[in-house]
Amino acid sequence: MLTLKQIYDNQDRVIAGLEKKHFAGAREAIAEVIALDATRKAAQQKKDAAAAEMNKISKSIGMLMAQGKREEANAAKAQTGSLKEQIALFDKEMAQAEEAQRNLLLTIPNVPYDIVPEGTGAEDNLAVRMGNWPNQAVLDSLAAGKPVALRDWPTHADEAIAAERIAQSEKLPHWELAKKYNLIDFDLGVKISGAGFPVYIGQGARLQRALINFFLAEANKAGYTEIMPPTVVNQASGYGTGQLPDKEGQMYHCEVDDLYLIPTAEVPVTNLYRDEIIDEAQLPIKNCAYTECFRREAGSYGKDVRGLNRLHEFSKIEIVRIDTPEHSDASHHEMLDHVEGLLKKLELPYRVLRLCGGDMSFTAALCYDFEVYSEAQHRWLEVSSTSNFDTYQANRLHCRYRRAEDKKVTLCHTLNGSALALPRIVAALLENNQTEDGIRIPAALQPYFGADMIK
RNA sequence: GGAAAGAUGGCGGAGUGGUCGAUCGCGGCGGUCUUGAAAACCGUUGACCUUCACGGGUCCGGGGGUUCGAAUCCCUCUCUUUCCGCCA
């Protein structure tokens, strides 16, 4: 959530930012936050004054008792009744204003950075980089330093490239390839769990393990500490990273013990630092974790959920950083380079999008999505979302650091990104690398997979 | 699942109704000494809210209660540890 300081220091910018995110009623909401703060302060000042008076009297009673002046002590006691009532009254006023303010702040999204493009949806996202894909019009524009809005993306060029690379007649979507090579059994998953829980078999299972090991090894090389957290978390952790209360219905909930299955490793790995004050010398903290991720995906349907496109359980390697405000942007770029490096090594066609205000998540200040092109589905699939949350998440988490310079306690910045989520990577690998002889495994992955082809 | 004990500042650990936000040790920071470091010695060292400031208020796992006054007493919840049971 936003800090009051952010709001007071830069009211107009905050409102403009919220409007960029298409948050309705931004101006009114901010005015309300400030009004509630004034109410709270007034109540607190009255309460504090009454409490100070009460403390004084109580202390004097203590001293009178010690001196054996019982009657004077009793006289002092008589004064306390109305003070007590006042304190209770002001305290209630204060607590109410505070709670109302907090509830309101929880509904206000993060303020996007200046470089976030204007826009309402996917069409307005800006492609800022791409690779392994000879879509010349886009490449030329990017080379000239001009990002391409998705609404201007030359889709026909993508299809032409895909058609050229694999003869149309042979091109199979990954769900058919999975069957052809006996890699994944979706029906068995339905039998033992339900739709969206695939069973990986043989070479399919080995490919999963190879990717997990590859992604973890690359993260380790880049200086991330490997964490293996619990995949089930308590309510406080859900609130800490913002999945609760907003996305209550999207998480699997074990009601008997009131625990939640994690939708991403971001939740446990970031909550490691909940209620902590970190020494600046420790920053940036760079952690990575492989976990299974669980998402109910209520309301999804159609081609979006076909095959591996959208699952209830999937594997993901997440990178998480805790950093200073001064360095968080540099950290973000390092993360983006890392993710891009993975896609280069996997030889997958990719593009990097800077999300527009309307398409960003509630909590992000700046977010880049990575998409890979699926040559059989003729569409781009999101495989990573790499965001800087500024202080928004840290404020909720109470994650702070002690500045080396002046020992002041200040909110950290938090960042995270997928590096990477497996299912759509697998989908693209299978579809894009299909040949007459089998499915080609990219060179970087071969040591982990132990073969150069799936046959 | 049964029984018992416990939860205090970065850590360890005192404190059972009245100047206790909390003795002390470790750690951290500053200094003396030293060419430098270590050791020793001296000093200092929580967070949050509020105030231009002085100051004031809150916090001893969470919530509630008793009392003029609660870290300390009562209720309740959560968690941890130990023993028994079960068990990969």
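Throughout, protein chains are lettered first and strands after them, A, B, ... in sequence-line order, and every chain is numbered starting at 1.
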Length of the CD-P vector between Gln44(A) and C48(B), whole Å: 14 Å
Atom-pair distance (NE2 on His398(A); C1' on G10(B)), nearest Å: 19 Å
Closest to the Gln45(A) side chain: G57(B), U50(B), C68(B)? U50(B)
How many angstroms lie between atom CD1 of Ile441(A) and atom CZ of Phe449(A), to the nearest 0.5 angstrom? 4.5 Å
Among G57(B), A47(B), U50(B), which nucleotide sits nearest the side chain of Lys41(A)? U50(B)
Assign each of Glu53(A) and Lys59(A) to its nearest nucleotide of RNA chain B by heavy atoms, then name whichever residue's nucleotide is nearer the 5' end. Lys59(A)
Return the nearest nucleotide to the side chain of Arg400(A); candidates are G57(B), G69(B), A47(B). A47(B)
Does the side chain of Tyr113(A) come under 3.5 Å of the side chain of Asp390(A) through a donor N or O and an acceptor N or O? yes
Could you check whether the rings of Phe197(A) and His312(A) sit parallel, tilted or perpendicular, using 30° and 60° as the cut-offs? tilted
Quantified in whole Å, what is the P atom distance between nucleotide C59(B) and nucleotide A71(B)? 7 Å
Can you tell me, in whole Å, how much space there is between the C1' of A22(B) and that of A47(B)? 14 Å
Quick one: is U50(B) close enough that its OP1 or OP2 comes under 4.0 Å of any side-chain N or O from Arg40(A)? yes
Phosphate OP1/OP2 of G69(B) contacted by Lys84(A) side-chain N/O (<4.0 Å): yes
Euclidean distance for C1', C73(B) against U67(B) (whole angstrom): 10 Å
Any salt bridge between Glu347(A) and Arg440(A), counting N to O under 4.0 Å? yes
Arg13(A)/Asp114(A) salt bridge by N-O under 4.0 Å criterion: yes
As its Watson-Crick or G-U partner within any shown strand, both distances under 3.5 Å, U32(B) has A40(B)
For the residue pair Ser82(A) and Glu85(A), confirm or rule out a side-chain donor-acceptor distance under 3.5 Å. no
As an exercise, state the distance from CD1 of Ile319(A) to CG of Leu342(A), rounded to the nearest 0.5 Å. 8.0 Å
Given the C1' atoms of G46(B) and C33(B), what is the spacing between them in whole Å? 31 Å
Counting the atoms with a prime plus P, OP1 and OP2 as sugar-phosphate, which does Ile61(A) contact under 4.0 Å by heavy atoms, base, sugar-phosphate, or nothing? base
For Phe214(A) and Tyr448(A), take the angle between the two ring planes, folded into 0 to 90°, and tell me which bin it lands in: parallel under 30, tilted 30 to 60, perpendicular over 60. perpendicular
Just to be sure I understand the rule, does Thr80(A) reach a base, reach only the sugar-phosphate, or reach nothing, if contact means heavy atoms closer than 4.0 Å? sugar-phosphate
Nearest-nucleotide pick for Ile277(A), side chain only, options being A47(B), G18(B), U50(B): A47(B)
Using atom P of each nucleotide, how far apart are C11(B) and G61(B) to the nearest Å? 13 Å
Between atom CG in Asp279(A) and atom P in G27(B), what is the gap in whole Å? 16 Å
side-chain N/O Asn55(A) vs U58(B) OP1/OP2, d < 4.0 Å: yes
Rounded distance in Å - NZ (Lys56(A)) to P (G57(B)): 10 Å
Whole-angstrom distance between G27(B) and A7(B), as gauged at atom C1': 22 Å
Separation of the C1' atoms in C75(B) and C84(B), to the nearest angstrom: 29 Å
Ranking A47(B), C49(B), C68(B) by distance to the side chain of Val409(A), first place goes to A47(B)
Can you say whether a donor on the side chain of Asp48(A) sits under 3.5 Å from an acceptor on the base of G57(B), or the other way round? no
Counting only Watson-Crick pairs (N1-N3 plus N6-O4 or O6-N4) and G-U wobbles (N1-O2, O6-N3), all under 3.5 Å, who is the partner of C20(B)? none
Applying a 3.5 Å limit to both distances, which nucleotide forms a Watson-Crick or G-U wobble pair with G1(B)? C84(B)
Heavy atoms under 4.0 Å, any strand shown: does Ala76(A) hit a base, just sugar-phosphate, or nothing? nothing
If we call it a pair only when both distances are under 3.5 Å in a Watson-Crick or G-U wobble match, what pairs with A7(B)? U78(B)
Counterpart base for A47(B), defined by Watson-Crick or G-U wobble contacts under 3.5 Å: U58(B)
Whole-angstrom distance between U16(B) and G21(B), as gauged at atom P: 16 Å
Atom CG of Asn74(A) and atom C1' of G69(B): how far apart are they, to the nearest Å? 14 Å
Measure from CG on Asp275(A) to C1' on G61(B) and round the result to the nearest Å. 12 Å
Length of the line joining Met54(A):CE and U58(B):C1', which is rounded to integer Å: 15 Å
Quick one: on RNA chain B, does Arg402(A) or Asp37(A) contact a more 5' nucleotide (nearest heavy atom)? Arg402(A)
Asp91(A) has an atom CG; how far is it from atom C1' of U58(B), in whole Å? 10 Å
